[in-house]
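Every chain is numbered from 1, with letters handed out A, B, ... down the list of sequences.
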Amino acid sequence: MLIEIKDLRKKYIMGDIEVEALRGVNLNIQQNEFVSIMGPSGSGKSTLMNILGCLDNPSSGQYIFDSVDVSLLNDDELSEIRNQKIGFIFQTFNLLPKLSALQNVELPLIYAGYDKHERREIAREALDKMGLSSRADHKPNELSGGQRQRVAIARALATKPGIILADEPTGNLDSKTGNEIMALFRELNEEGNTIILITHEPEIAEYADRAIIIKDGLIISDKPTSGNTAEVLSENSLTS
Amino acid sequence: MQIEENIRVAFNGLVEHKVRSFLTMLGIIFGVASVIAMLSIGEGAKREAIKKYQQLGVNNIIVRDKDLSDQELENVRAKFSNGLSLKDVESIRNIVPQIDKISPQAEKASEVKYEDKSLKANLIGVTPEYDEILNYKMESGSFINNDQYQRQLKVCVIGSEVASKFFKLGDPIGQSIKIDDQWLEVIGVLQSKALFTETVGELASRDLNSDIYVPLSTFHGRFDKEKQLASELKQITIKVEDSKNISKAAKLIENIVSRHHFDNDDFSIIIPVELLKQEEKERRIYNILLGSIAAISLLVGGIGIMNIMLATVMERTREIGIRRAIGAKRDAILSQFITESLTLSITGGIIGVLLGLSLSISISFFTEITTSVTLYSVLIAFLFSVIVGVTFGYLPAKKAANLRPIESIRYE
Ligand SMILES: Nc1ncnc2c1ncn2[C@@H]1O[C@H](COP(=O)(O)OP(=O)(O)OP(=O)(O)O)[C@@H](O)[C@H]1O
Ligand SMILES: [Mg+2]
């Protein structure tokens, strides 16, 4: 099992107000699965994803990643996991604006300790794979949204992490570009990568093999996709 | 390899915010420049002093007849002191074991003439040993030798100033000049010496280059005393064998002369080395004072760097979050931001060193002050800017490293 989550809870405390974003989530994900997570805004999807990506820690419950209890790891070890084993993709791309596409892709390799030549080579390969070899020296603001997200994917894949977590990767893209990105994810999944992605769009969720629906901090549905995702969503009147 | 990356990022940042970086560095620039300029002034003064005292001889003890008024002179004579005399010289020579050489000297302000030119000069009667004690360098000719001394010859050695005033073109050697009412033959010309512009202990400032040296025997035999009651000698210069024994010897000499003079306070003992040490001590205090002022400037510069680094960390919270999300450890962020503040302070330090160098060159060029930049002062100033960079960069960098990844990545 790649990911095992037991009774995961996350509370945000802001002054006097306490928000319980996750209220006891149980979830197992295996190597090479392609999972989509859906749910209304504020239901706790990003909160869950950040915990899965070792960017945040839960208030209680257990998270076992790759047979390691994440709560026992120190900051350096968590950094290493983020660097080596997880590729994180954001809705807003989160590229460094002053660096070129190539330099952005090199970034995780720097922290992984590769030397200049190695990382340049790996980064070029990753960009090639995304069809961006001709854009290597462009800054993010010289690229289209789809190209930026491809650079972000190349960066996430640079250290060959094996698992990709994407929080609404198509949220800022038009549907055509969104579909291209999803086709890419499909391909990556077929190459052996585990993919977990959050989306608001049922058509996007259709690309995955398994659809999870979260509401008010709890998983209310967890099924293989078979064209019924849209149905489930309307049943729960989640689409607005 | 990450260091290289850090330096690249830091320099890009510096170049990107040129004005801001420059303003931030100003404190360091002025701090470093003033440290270097001040130390160069201190060092220049030190070299001047050493030169001055080397002229007096670092192994020498000088016993000098005090300049007394006629009334005081009468008083000490009435109390049986004859002032400095050859007898003192003999006793010192016989009693003090540490002595290497000893040279008595008599002095007199004289009128000197050559053809239609005349000037005032110091006539100094010396023994041949005088030259050996003070290592005078000859421009031409030679110093008074033993034979000339024994035979009381009417010969003289003139200072460079006298030579240039009297003998603009011709060779002074072999020429005769008239001193008071005596004709003396010039046998040597001294090399020009640094001007003695300050009073050293009991030695009044004077221009050594207008001295005229004659054999002491000739001086005593041919020239009238300046005053009726004047002492036989004006000064005794003693060279000790080992500078370690200098204070012991000086003590002994003081006792001997004092006894001869029946405890009259009509002479003084000057030890150039001790005066040099004294002066160095005073200068050190002055240097510390100036150094502290410069250090305050560096401190202010450091605070400027800290301020800008804190702002930078704020501004770049999101960047820090992204770097952390893709695997940067805390130490990586820490070293990145310390590298940035170091880049600021070292760049400021280098500009400061250049400014300090040109400042001290300008000071010695446009003023009378002698300056001397030492490698040591440059290193000190540079080291200071590095320390400032690390010290004042640490807090902002620590703050950056401790940002929680998830919060900083969401930071707007
Ligand atoms: N840092 C935070 N501090 C306080 N409350 C937070 C914080 N992050 C999230 N929350 C709250 O936790 C709940 C879950 O938020 P989360 O971002 O996980 O929702 P989401 O499902 O990703 O929504 P969306 O689809 O809009 O992205 C929300 O009520 C939100 O207000
Ligand atoms: Mg979200």
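Here the CZ-CG distance, from B:Arg8 to A:Leu99, works out to 6.5 Å after rounding to the nearest 0.5 Å. Summarising the geometry, atom CD1 belonging to B:Ile326 is positioned 7.5 Å from atom CG belonging to A:Asn104; distances are rounded to the nearest 0.5 Å. To the nearest 0.5 Å, atoms CD1 (B:Ile322) and OG1 (A:Thr92) are separated by 7.5 Å. With values rounded to the nearest 0.5 angstrom, B:Arg318 atom CZ is found 10.0 Å from A:Leu96 atom CG.
In terms of heavy atoms, A:Ser79 sits closest to B:Ala328 at OG-O, 3.6 Å. Smallest separation of non-hydrogen atoms from B:Ile406 and A:Leu55: CB-O, 3.5 Å. Summarising the geometry of A:Tyr111 relative to B:Gly327, their closest heavy-atom pair is CB-O, 3.9 Å, with the distance given to 0.1 Å. Contact between A:Asp76 and B:Arg330 at its shortest, heavy atoms only, is OD1-N, 4.2 Å.
In this structure, the portion of A:Asn57 lying under 4.5 Å from any heavy atom of chain B is its side chain and not its backbone. Contact of A:Ile81 with chain B is not made at all, since no heavy-atom distance falls under 4.5 Å. Using a 4.5 Å cut-off between heavy atoms, A:Gln103 touches chain B through its side chain atoms alone.
No other option in A:Leu78, A:Leu95, A:Leu107, A:Asn83 has as many heavy-atom pairs under 4.5 Å with chain B as A:Asn83.
The local environment of CD in A:Glu118 is crowded, with over 12 non-hydrogen atoms from other residues, nucleotides or ligands closer than 6.0 Å. At most 12 non-hydrogen atoms from other residues, nucleotides or ligands lie less than 6.0 angstrom from CE of B:Met314. With a 6.0 Å radius and a threshold of 12 heavy atoms from other residues, nucleotides or ligands, B:Phe384 has its CZ atom at or below the threshold. No more than 12 heavy atoms of other residues, nucleotides or ligands sit less than 6.0 Å from atom OH of B:Tyr286. Within a 6.0 Å radius of CD in B:Glu368, no more than 12 heavy atoms belonging to other residues, nucleotides or ligands are found. Atom NZ of A:Lys10 has more than 12 heavy atoms from other residues, nucleotides or ligands within 6.0 Å.
Looking at B:Glu16 and A:Lys98, a side-chain N of the basic residue comes within less than 4.0 Å of a carboxylate O on the acidic one, giving a salt bridge.
When each of B:Lys329, B:Arg324, B:Arg404 is paired with A:Asp75, the salt bridge (charged side-chain N to carboxylate O under 4.0 Å, His left out) condition holds for B:Arg324 and for no other.
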